[in-house]
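Just so we're clear, the structure is a prediction, and the values are computed from it rather than from any experiment. Every chain is numbered from 1 and lettered A, B, ... according to where its sequence line falls, protein lines coming before strand lines.
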Amino acid sequence: MKLIMAIIKPPKLDSVKEALSELGQSGMTVTEVRGYGRQRGQTAIYRGAEYAVSFVPKIKIEVAVDDGDAERVIEAISKAAHTGSIGDGKLFIFDLQGSIRIRTGESGVSAL
Amino acid sequence: MKLIMAIIKPPKLDSVKEALSELGQSGMTVTEVRGYGRQRGQTAIYRGAEYAVSFVPKIKIEVAVDDGDAERVIEAISKAAHTGSIGDGKLFIFDLQGSIRIRTGESGVSAL
Amino acid sequence: MKLIMAIIKPPKLDSVKEALSELGQSGMTVTEVRGYGRQRGQTAIYRGAEYAVSFVPKIKIEVAVDDGDAERVIEAISKAAHTGSIGDGKLFIFDLQGSIRIRTGESGVSAL
Amino acid sequence: MRKIFAFGVLTSALFFTGPAFAAVSEETTYILNTFSFLVNGVLVMFMAAGFAMLESGLVRAKNTAAICLKNIALYSVAGLAYYVVGYNLMYVDVGNIMGKFALFYNPSGAELALINAEEATDGLVSAVVDSGYSTMSDWFFQMVFVATAASIVSGTLAERIKVWPFIIFVTVLSAVIYPIQASWVWGGGWLDAAGFSDFAGSTLVHSVGGWAALTGALILGARRGKYGSGGSIHPMPGANLPLATLGTFILWFGWFGFNGGSQLALGSALDASAMALVFVNTNLAAAAGVVTAMALTQAIYGKMDLSMCLNGALAGLVSITAGPDLQNPLLSIIVGGVGATLAVLVVPLLDKVKIDDVVGAIPVHLVAGIWGTLAVGIFGSGSFTTQLMGIVAVGVFVSVVSSVVWLALKYTIGIRVSEEEEEMGLDTFELGLEAYPEFGRAM
Amino acid sequence: MRKIFAFGVLTSALFFTGPAFAAVSEETTYILNTFSFLVNGVLVMFMAAGFAMLESGLVRAKNTAAICLKNIALYSVAGLAYYVVGYNLMYVDVGNIMGKFALFYNPSGAELALINAEEATDGLVSAVVDSGYSTMSDWFFQMVFVATAASIVSGTLAERIKVWPFIIFVTVLSAVIYPIQASWVWGGGWLDAAGFSDFAGSTLVHSVGGWAALTGALILGARRGKYGSGGSIHPMPGANLPLATLGTFILWFGWFGFNGGSQLALGSALDASAMALVFVNTNLAAAAGVVTAMALTQAIYGKMDLSMCLNGALAGLVSITAGPDLQNPLLSIIVGGVGATLAVLVVPLLDKVKIDDVVGAIPVHLVAGIWGTLAVGIFGSGSFTTQLMGIVAVGVFVSVVSSVVWLALKYTIGIRVSEEEEEMGLDTFELGLEAYPEFGRAM
Amino acid sequence: MRKIFAFGVLTSALFFTGPAFAAVSEETTYILNTFSFLVNGVLVMFMAAGFAMLESGLVRAKNTAAICLKNIALYSVAGLAYYVVGYNLMYVDVGNIMGKFALFYNPSGAELALINAEEATDGLVSAVVDSGYSTMSDWFFQMVFVATAASIVSGTLAERIKVWPFIIFVTVLSAVIYPIQASWVWGGGWLDAAGFSDFAGSTLVHSVGGWAALTGALILGARRGKYGSGGSIHPMPGANLPLATLGTFILWFGWFGFNGGSQLALGSALDASAMALVFVNTNLAAAAGVVTAMALTQAIYGKMDLSMCLNGALAGLVSITAGPDLQNPLLSIIVGGVGATLAVLVVPLLDKVKIDDVVGAIPVHLVAGIWGTLAVGIFGSGSFTTQLMGIVAVGVFVSVVSSVVWLALKYTIGIRVSEEEEEMGLDTFELGLEAYPEFGRAM
Ligand SMILES: Nc1ncnc2c1ncn2[C@@H]1O[C@H](COP(=O)(O)OP(=O)(O)O)[C@@H](O)[C@H]1O
Ligand SMILES: Nc1ncnc2c1ncn2[C@@H]1O[C@H](COP(=O)(O)OP(=O)(O)O)[C@@H](O)[C@H]1O
Ligand SMILES: Nc1ncnc2c1ncn2[C@@H]1O[C@H](COP(=O)(O)OP(=O)(O)O)[C@@H](O)[C@H]1O
């Protein structure tokens, strides 16, 4: 199993969710994060002093998938989150050693 | 070492914490997340328009443990977070390559 | 590639960011979390009842790096986040199976 | 048309011709009395916003929209119920036990005659002026008091009571329970005849709200998870303390109208002087309440508890409400300080007996209300035993009738949300929206 | 004891021997009229805070600082514009169509003469008192009404309009558009002559703001993402509902000044009685609005929508504003209830036709404003057809002129923020700061 | 000059003879003067809520509950201290330098006699009415001014000062420092004799708070991390800008009472006219302040800074406070605009010299207060040099005494929280609770 972690632009969450639903992938976990990359934050002014708001609001999505689905899920997220402008975000792929559904105690792929 | 990531219902945080303390596992990191799985969100109404609040508030717990403790920790969390109803959440297990305690510089298992 | 996850004290975020910039490491993702470790939370009082605010506010930093850079990044974070007092935090290192830059589709090390 | 208004007005002024000492003319007295009801009444009306903010600040985020809705709904319903039957029951043809059961309270015929007349003749004006104040200004001032009593209930029962049964209870409280007991004193009924004294309502308003809240809390039960096994208490901190602070300041602000306006007149030097004294006593009692609560929480817990200091201010205000006409302002500092002490001590006691009062309305309104009423028998003009008798009479009446209503609601439509609703918050289930949908979750 | 208070009071008035009946002196009338303008005006001024909080609560967090800035800016600009030209255009030498175009409105010579005199001679006082009220108190009271009209616009157009073009529009609205149409009625122009009746401005203030908002919404377009293909609607829930609730309570509080002060006098028993009646009707209409909106949203959607219940209160208030002098308060319950019904029904209709009104200002101020004005022709003293004529005349004038101004702004400096700015929020781009920089992000 | 106001007023009442001209009766004058103190005083009281919200909005979340506590505590303590010694020191038997040191200020014997009399005889009423207003109404009005001065201090020193030493400082300020310097002018002391003019307290209230804040800021030091090495500045944005906006609106609302009530009378046409003028000037100066700050921040920084625009409103208000009786309202626009300009320019200057003023109280209250006082010497009736002398005298006195108190506190109980407390926030350490325990952390 793989865990795919994507850092995307907040307004893209809805289209990513839809894209995953179409694939039949229905579970995901979402976190509000702030990011820093090529896209630097804005310069803000507060009471006459400038400062860099270095971190831009982003959404982190985590999806655990079966190895065989990973490719398609990665593609779907990449496409749905794409705008072509700086700050579109990144995808990171992790190996998953195990997974358990708390409600039923199922484990492995059937727990996803 | 393993990192165990659990997505649980928010009101279950206290009992999970207690269960882990009883095991002598005293470190953990907690994040507020939103999740989407079998348990779909509520339908909300705002100013006459319905919309799906697709994401349900969840708590993400991350615990780094020695390989030998993993089993017991997983069991403890599973038990403490269990209600039997939909949305109870998931456990994901990752391999941990290393760990360092910043204060002392200790690394590996002794840093947990 | 490695993903380095650091749990640090919130006021240390700025110096960690600077330290990483100096290394030329310009991407990172930041999450607000709460932690529990050696450093226990404060005892709070609300309306005459004491309770343990068991979780202390922390910042989680995630940085994906090339294997060769991992050592230096780990060191830089450890140093920048160090105060020597309890609660300085932890570093966890994960293996990264892949990475993709959504904007360009680049993958692997060049996507970092 | 706005500009050309002054003619009719000025004509009436020409009747004036006078003697050596210049007192207030009857018509001026009428205007000033009426205006006092309106201005002070508006201040009291704003207390509805104060309660709404106090309670919004002291509940958890997931129940915030529901408490906002309850607050604006209860203020609305209380006013309607008081118009439909409450006022008549409280003030019109009051016997010993209650006034008249009649629908609607409307402007006096004399006033309508004056308003509708071609010309404001001496006779028409005189007929109006004789009553001392405009009927509707008095209605307005009395109405905002009912709403205050109702507001007290919502705070105690927050986070677990369903909206509609709560609204029904408020309707009964405002239409029947409050007016009947108030008629005993302010309507000129038996308690008034007995010499019971309650200037602005420590008992008639605040304790009444407090008794209704207490019986509700007992019948409704505590929030799930509040009380653990073995006597452990799990605090559920309020989500937004600046709003609670704002609410307290708004209540303090409105209380000048509450107590000051209860002088019921402004048309003479005596009334103006008395009103000024009431303002000063009211402020000093509240200030003493804050300082007392700060000192006590620091001494007992080693830290100051903001939520209890806010309660301290309100306990000081409730305490002085029965007798804000004390002639030595120093006494009002004592009255307020004792009231706040009681509130600070009773908050944990209630938790001991597992009575779950989300915002502290019982210590603040019931306990300090009783103290304030007794204080009139100690420092003021009242008799201690008569005061005690009034407190008991009102307490028994309100508790019994409230219990009947709560139980009737419980065993018919139910008063408590389901376990799941309580866990997820009332906002999502009863209102379908969240109070702070975005914070920490910019999606 | 509450009711039987008047005797002691009146006794002191009786020392006044002179003639049989004691009316109000001319100077007292002047003072009371002036003070009524000031006190009621201050209440209306505070409505600016109410709009600011209502709108802050109903926009998303990323646009909150911008809406705060717009609100304090519009109140400021409206007052300045009204001082510079607005008042003169509305009230000075009004012909049929408008008043005088002249700069600045200043204290009357008679008042300055009195203030600067060594001694307040009979003649000096009499010259002042003849006007009935202080000129500047009237200016103040009228000024806060302009600001209200301007506030309505900001809510509808929130989250996408640039600050500076909005400020320019407000300037034109306050300096020219509002005063001209208001001169037709309150200045004594042609509509007043025709018998059109609008006590406190359901049409002249609220609908005017509503028309300006509606034309603005049409020309500006909806927020990106609000309306999907195929008629789908994507709600964008407000970020802070307790603030929206607070805003509504503040508006309700201020509305007593809005309607009550529009009696324009307090110097006679008639005026005081009429003002009391206005207070009562205003409160009942708003209360009816809340209860109606609760019942309707529960019935239609199965859940109560807090944001719509807040709209219900405001729709009730707007509806009663044209005729708060109804002599049977029961009618005001009907007027308010119908107004709220219209508002609740129009909110989704606007979404159907893709008119994006962030806070519901169009249903509340325009639709309920029209209803309230017509209600005067039904329940009040006005003629239905004259009322309709006035509504149409004002609507056409304001819509046409507003459209011209909006279009001129659109094709010169532009009125809409860029797509990126809208996505990231106006706060970062136009103000360079965030309203809640920390929540959920303690860095 | 505050106290000795009644002569001119009463004179006009004496013209009252027979029918020719109908002036205000003496008793009516007394009532109106008293009521003006009460109503305007209540508006000023509400400014305490305004400061609380402004400061809650401009501190970081972790210090919010602490600033709320400080604000309600300071308002309470100021009132108590002013009752115990302050008022006597300021107004009773004032020589050149201060009034009488005596405990408690109580209602006048004449008023109590009237209140306690069986019958309100002519003589009793006349004895009361002679003083022009009720003693306690004046106490109330003066008391709320002390609280304002104290509020100014808390904003500057937020986020690092301990609660109890702050409370002690406020006690000294309200009991001694404020009353002594105020007695020089409003008590009829040497500065009044010299012709110094300060209508509502640009110097006596606002600059006094400003000087106390400035000396406190110097002795306390900046927040850790605010000023980096090499002159870099690390802004610490306020956590909740809608609350800061609300606070500003509340202050603006209350300021009508602050300046308007400082006419000190309402019992004659002259006073009513003057009060109306004061209201208008107050509003225009604030409006000009907002617009100026918007234009300046846009011009200098390319973006509008909401926090500075809020400061602009307040700077406009502070500026006009010394002379809101300007007879040409256009001048008040200038006074307010210049005040806001100074505030906007001084904010970054203070940062340059590393004086850390969390909410901008020094630019707004001290700098604009000085400007406003000088403006009376330029546009108003005062002499520029006398105004300057007064500013310096008050400044030296308050700075010296405040420094002594701050230093005494620093070297005894300490005034600053520990490094750890500052880092984690005052809320957890001093109060043991958080202002927003849930946001972004629903646990
Ligand atoms: N090396 C990294 N480690 C962790 N997160 C990263 C890294 N690089 C980028 N990110 C995350 O991805 C987001 C987008 O990165 P950015 O460089 O702006 O994207 P792009 O290259 O597509 O324009 C960042 O805001 C950050 O949250
Ligand atoms: N495939 C997945 N990847 C990541 N997170 C998931 C996945 N499936 C479920 N989750 C998380 O687990 C939570 C509970 O999932 P759900 O399917 O409702 O649980 P259950 O099957 O026990 O009823 C979700 O809200 C989501 O946060
Ligand atoms: N085993 C663990 N798993 C996950 N997170 C941990 C673990 N131990 C500590 N942490 C995180 O690290 C933070 C600091 O831990 P702590 O034990 O206080 O540090 P230190 O030992 O340096 O004083 C905690 O608040 C928690 O967020």
Side-chain angles (χ1 to χ4, degrees), chain E residues 8 11-12 15 25-28 30-31 34-35 37-39 42 45-46 48-49 52-53 56 64-65 68-69 71-73 76-77 79-80 83 104 106-107 111-112 114-115 119-120 122 125-126 128-129 134 136-137 139-140 143 163 240 243 430-441, chain F residues 8 11-12 15 21-25 28 32 39 43 60-61 119-120 122 125 237 239-242 245-246 248-250 253 256 260 266-270 272-277 279-280 283-284 286-288 290-291 294 301 303-307 309-310 313 327-330 333 436 439-440:
Chain E
T11 351
S12 82
F15 288 105
S25 84
E26 289 170 13
E27 191 174 355
T28 303
Y30 176 91
I31 297 169
T34 298
F35 195 54
F37 276 142
L38 297 181
V39 170
V42 158
M45 177 269 154
F46 200 43
M53 290 304 102
S56 291
T64 305
C68 287
L69 180 68
N71 270 278
I72 198 161
S76 303
V77 163
L80 293 168
Y83 172 67
F104 312 126
N106 288 321
E111 287 177 59
L112 292 183
L114 176 63
I115 289 172
E119 200 189 334
D122 223 357
V125 175
S126 165
V128 163
V129 161
S134 164
M136 295 321 275
S137 70
W139 182 87
F140 180 70
M143 179 273 294
V163 176
N240 196 328
L243 285 192
E430 296 222 89
L431 279 69
L433 49 72
E434 292 171 81
Y436 308 103
E438 287 186 57
F439 290 134
R441 321 151 184 168
Chain F
T11 349
S12 82
F15 287 102
F21 173 71
V24 186
S25 84
T28 304
L32 290 171
V39 171
L43 292 179
R60 287 166 296 168
E119 200 189 333
D122 223 356
V125 174
N240 196 326
L241 290 187
T245 306
L246 174 65
T248 304
F249 270 117
I250 293 176
F253 173 67
F256 292 106
L266 179 66
S268 73
L270 188 159
S273 304
M275 195 182 287
L277 189 53
F279 270 58
V280 170
N283 197 70
L284 287 174
V290 171
V291 174
M294 285 176 67
Y301 306 114
K303 291 183 175 183
M304 280 166 283
D305 183 323
L306 173 60
S307 79
C309 295
L310 302 178
Q327 300 192 0
N328 183 350
L330 192 55
I333 295 178
Y436 308 104
F439 289 134

Is the distance between the ring centroids of E:Phe37 and F:Phe279 under 6.0 Å? no

Under 4.5 Å from any heavy atom of chain E, what part of F:Ile333 do you find: side chain, backbone, both or neither?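 It is the side chain, since no backbone atom gets that close.
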
Checking F:Leu32 against chain E: side chain, backbone, both or neither under 4.5 Å from a heavy atom?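 The side chain, not the backbone.
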
Distance check, rounded to the nearest 0.5 Å: [X] atom [atom1] versus [Y] atom [atom2]?
X	Y	atom1	atom2	value
E:Phe46	F:Leu43	CZ	CG	10.0 Å
F:Gln327	E:Met136	CD	CE	11.5 Å
E:Ser76	F:Asn283	OG	CG	8.0 Å
F:Met294	E:Leu69	CE	CG	5.0 Å
E:Leu114	F:Ser273	CG	OG	6.0 Å
F:Leu270	E:Glu27	CG	CD	9.0 Å

Segment of [X] engaging chain F (4.5 angstrom heavy-atom cut-off):
X	result
E:Ala73	both
E:Leu431	both
E:Val42	both
E:Ile115	both

Please rank [options] by heavy-atom pairs under 4.5 Å with chain F and give me the top one.
options	result
E:Leu433, E:Ile72, E:Leu112, E:Asn106	E:Ile72
E:Val39, E:Thr34, E:Val128	E:Thr34
E:Trp139, E:Phe35, E:Phe104	E:Phe35

Closest approach of [X] to [Y] (non-hydrogen atoms, all atoms of both residues):
X	Y	result
F:Ala23	E:Thr28	O-OG1, 4.3 Å
E:Pro107	F:Leu277	CG-CD1, 3.4 Å
E:Gly79	F:Leu284	O-CD2, 4.1 Å
E:Ile31	F:Gly267	CD1-C, 3.5 Å
E:Ser134	F:Ala276	OG-CB, 3.3 Å

Looking at side-chain heavy atoms only, is the closest gap between [X] and [Y] below 4.5 Å?
X	Y	value
E:Thr64	F:Leu241	no
F:Leu330	E:Tyr83	yes
E:Ser56	F:Thr245	no

Assert top hit (heavy-atom pairs under 4.5 Å, partner chain E, pool F:Tyr301, F:Phe256, F:Phe253) equals F:Phe253

